[in-house]
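Following: one structure in structure tokens, then a few remarks.
We name chains A, B, ... by the order of the sequence lines, and we start the count at 1 in each one.
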Amino acid sequence: MLRYILKRLLLIIPIIVGSIILVFTIMYFCPGDPATMILGAEATEEQIYELREKMGLNDPYIVRLGRTLWSYARLDLGTSYVTGRPLTEELALRIPNTLRLSLIGIVIGLLIGIPLGVTSAVHHDEPIDYIGMLIALVGISMPGFWFAMLMVTLFAVKLRWLPPFGVGGIRYWILPILSSCLGGFAGNARQARSSMLDVLTSDYVVMARAKGLPEKEVIWKHALPNAMLPIVMMIGGAMAMSIGGGMIIETVFAIPGVGFFLADSISNRDYIAIQSCVVVIGMVFTLMMLVTDLMMAAIDPRIKDQFSSRKRKKAKKV
Amino acid sequence: MSNEKYLEVKNLTVEYVTSEETVYAVNDVSFGIEKGKTLGLVGETGAGKTTIARSILRILPVPPAVVKGGEILLNGKNLMELPESEMCKVRGRDVTMIFQDPMTALNPTMRVGDQIAEVILHHENLSKKEGRKRAEEMLEMVGIPAERYEEYPHQFSGGMKQRVVIAIALACNPDLLLADEPTTALDVTIQAQVLEMMRDLHARKNMTMILITHDLGVVAEMCDDVAIVYGGEIVEMGTLRDIFKHPSHPYTVGLFGALPDLESDRHRLTPIEGLPIDPTLQITGCKFKPRCPYATEECGKAAVQAQELTPGHFCKCLYPRKEVR
Ligand SMILES: Nc1ncnc2c1ncn2[C@@H]1O[C@H](COP(=O)(O)OP(=O)(O)OP(=O)(O)O)[C@@H](O)[C@H]1O
Ligand SMILES: [Mg+2]
């Protein structure tokens with residue numbers, strides 16, 4: 001198992017290098033010139049040429065790519081064209097906010113979504129099921145940012161219970177987290193319901209009933225662990241969604257996170273900052289995928305078996 | 001028949017109702033078994049055998065299954081009227097079931113040994129450690145080394161899984177075992193071993209058993225009584241001797257015709273013509289009529305009542321065959 005984790009961690013390196021090359025190449029071919037951006041429209045040709053030379057923008061593609069990779073390898077993400085501050089520092093300040101928002105959002109989404117879906121499946125085609133799925137449908141159809149704005153209007157502007165934006169104590173986080181867990185919870189509920197319905201008719205669940213176990217035990221001990229597999233598999237995707245959606249929610253609530261920074265950088269055409277944000281998000285994403293796979297292995301022994309050494313198991317088979 | 005039946009099923013009727021169609025899976029089935037005896041339920045695929053067994057344990061999938069009526073008397077107690085909490089005490093302890101398909105009957109995310117220990121711990125007041133010890137004994141009993149307790153179902157072969165399913169069914173020394181094609185999924189050598197094992201246990205524990213199969217050879221080896229199921233009805237029922245020596249219903253005769261008979265000169269296979277009836281149709285009269293070589297107009301007019309040919313030998317046919325095999 002440990003060997004597998006190490007192997008997977010090593011595999012992240014080529015993925016990150018690949019994503020850097022990809023993002024760099026896209027940026028390279030993008031129209032627009034950072035030097036012109038920095039100097040403004042009135043700058044002379046010579047001034048621009050000089051700055052380009054200084055920034056290394058006149059070097060060939062491959063040299064610039066190599067330089068970028070080398071500086072990333074030293075954990076140096078470069079300097080923002082706009083603020084002139086090192087990006088490593090800027091991002092280090094923002095990553096915790098983004099992670100807090102999306103991780104808590106995902107956990108709450110799971111904690112509410114799964115029981116809702118399970119309850120719906122167990123009471124299949126009864127009023128509870130319809131109500132549960134109606135809630136989930138509303139949740140999944142409502143765009144996160146719109147919900148966020150509604151919440152701000154109600155709780156912050158009208159009722160004045162919660163601050164409308166910014167960061168600070170827990171009170172500042174309630175609305176953003178609620179908005180960010182909305183889509184996740186609804187998706188989880190629907191997934192939990194459908195995989196639970198599948199599992200509930202399977203032979204081993206009927207077998208569990210035939211053992212005389214009370215229905216509660218049948219559901220939580222036998223059905224749910226098996227129904228969890230597709231749900232867990234979705235968590236990686238949910239993470240990506242919530243980082244993407246986080247960009248909007250961070251903007252709405254003015255939370256200084258990676259998404260907000262990325263949106264800012266895009267409107268400022270801060271190419272190098274955009275590049276760093278994308279690479280960092282990619283990195284977080286690959287790590288999340290690893291965590292997802294490990295969780296799958298924890299639930300499903302068949303997957304775990306593929307990770308650990310095979311020989312021992314084979315030898316034991318009679 | 002007499003009142004000393006250990007299990008009596010009376011007028012059991014089960015349907016599977018979906019929005020598209022209704023499958024009449026079990027139609028007015030009645031039978032009984034004496035304590036310690038083995039009843040063979042024989043019939044082709046889709047005849048309703050599994051549905052009968054699951055009705056006894058009340059583990060039919062609801063929906064779509066609807067029990068339209070009937071009584072299931074276990075030792076005189078009607079299981080159909082038992083509250084669910086009481087039924088939970090019956091399942092797994094008094095009455096257990098060996099599932100038809102061992103590949104899907106075990107929970108893939110749970111250790112094999114724990115799946116056996118679970119049923120023991122649920123019904124008996126034992127510590128976790130004692131439960132584990134008993135489960136290990138059960139594994140050994142069905143011929144699997146106790147060291148494999150910690151493994152998961154995917155690490156077991158089909159035959160071993162079937163043994164585990166059997167071990168679970170036998171773990172609490174049931175009074176009544178419903179064995180749903182316990183050997184169909186196994187290859188011939190293992191089949192013989194498993195049957196041998198079941199016969200041995202059956203004899204030692206004076207267990208009552210319903211053995212579901214479509215293998216008449218297995219029936220001949222294991223059963224005291226036989227019921228032939230066709231289209232959700234029992235068309236013929238009697239002792240092993242009744243059925244094997246004096247098969248009376250044309251369908252039963254057909255079943256034997258489909259077997260190569262090694263002892264007599266008749267080597268020719270005469271399979272039953274036609275296809276099994278469509279279980280979604282409600283048919284008045286005999287369901288076997290379309291395939292029956294002896295059928296007349298009369299057969300389709302009204303439901304055919306069972307007649308008692310000799311004491312204990314029932315046949316649902318207007319023109320029972322009389323030849324001796
Ligand atoms: N869950 C279900 N939903 C709808 N119809 C069902 C369901 N389970 C069984 N049936 C139908 O009920 C009838 C009887 O099925 P059953 O499983 O009892 O047959 P069986 O005698 O056990 O057959 P086999 O020998 O193949 O196991 C069949 O026509 C089948 O299609
Ligand atoms: Mg069956």
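- Under a cut-off of 6.0 angstrom, the local environment of CD1 in A:I170 is sparse, with at most 12 non-hydrogen atoms contributed by other residues, nucleotides or ligands.
- One distance of note links CG of A:L224 with OG1 of B:T109; it measures 9.5 Å at 0.5 Å rounding.
- Smallest separation of non-hydrogen atoms from A:P214 and B:H122: CD-CE1, 3.4 Å.
- Counting heavy-atom pairs under 4.5 Å between each of B:L178, B:V95, B:T104, B:V90 and chain A puts B:T104 at the top.
- Note: A:K211 NZ to B:C88 SG = 13.5 Å, rounded to the nearest 0.5 Å.
- Taking chain B as the reference chain and counting heavy-atom pairs below 4.5 Å, the highest number among A:V205, A:D125, A:I299, A:V206 is found for A:V206.
- Contact annotation for B:T96: neither backbone nor side-chain heavy atoms come within less than 4.5 Å of a heavy atom of chain A.
- Using a 4.5 Å heavy-atom cutoff, the side chains of B:M110 and A:K221 are in contact.
- Interface remark: B:I168 contributes side-chain atoms only to the contact with chain A (heavy atom separation under 4.5 Å).
- Taking the side chain as every heavy atom from C-beta outward, A:M207 and B:V165 approach each other to under 4.5 Å.
- Under 4.0 Å is where a charged nitrogen must lie from a carboxylate oxygen, and between B:R54 and A:D203 at least one such pair does.
- The closest donor-acceptor contact from the side chain of A:H222 to the backbone of B:N107 lies at 3.5 Å or more, if one exists at all.
- Only the side chain of B:L57 comes within contact range of chain A, judged by heavy atoms closer than 4.5 Å.
- The most heavy-atom pairs under 4.5 Å with chain A, out of B:Q115, B:H123, B:E118, B:M87, come from B:E118.
- Neither the backbone nor the side chain of B:P61 comes within contact range of chain A; no heavy atom of the residue lies under 4.5 Å from a heavy atom of that chain.
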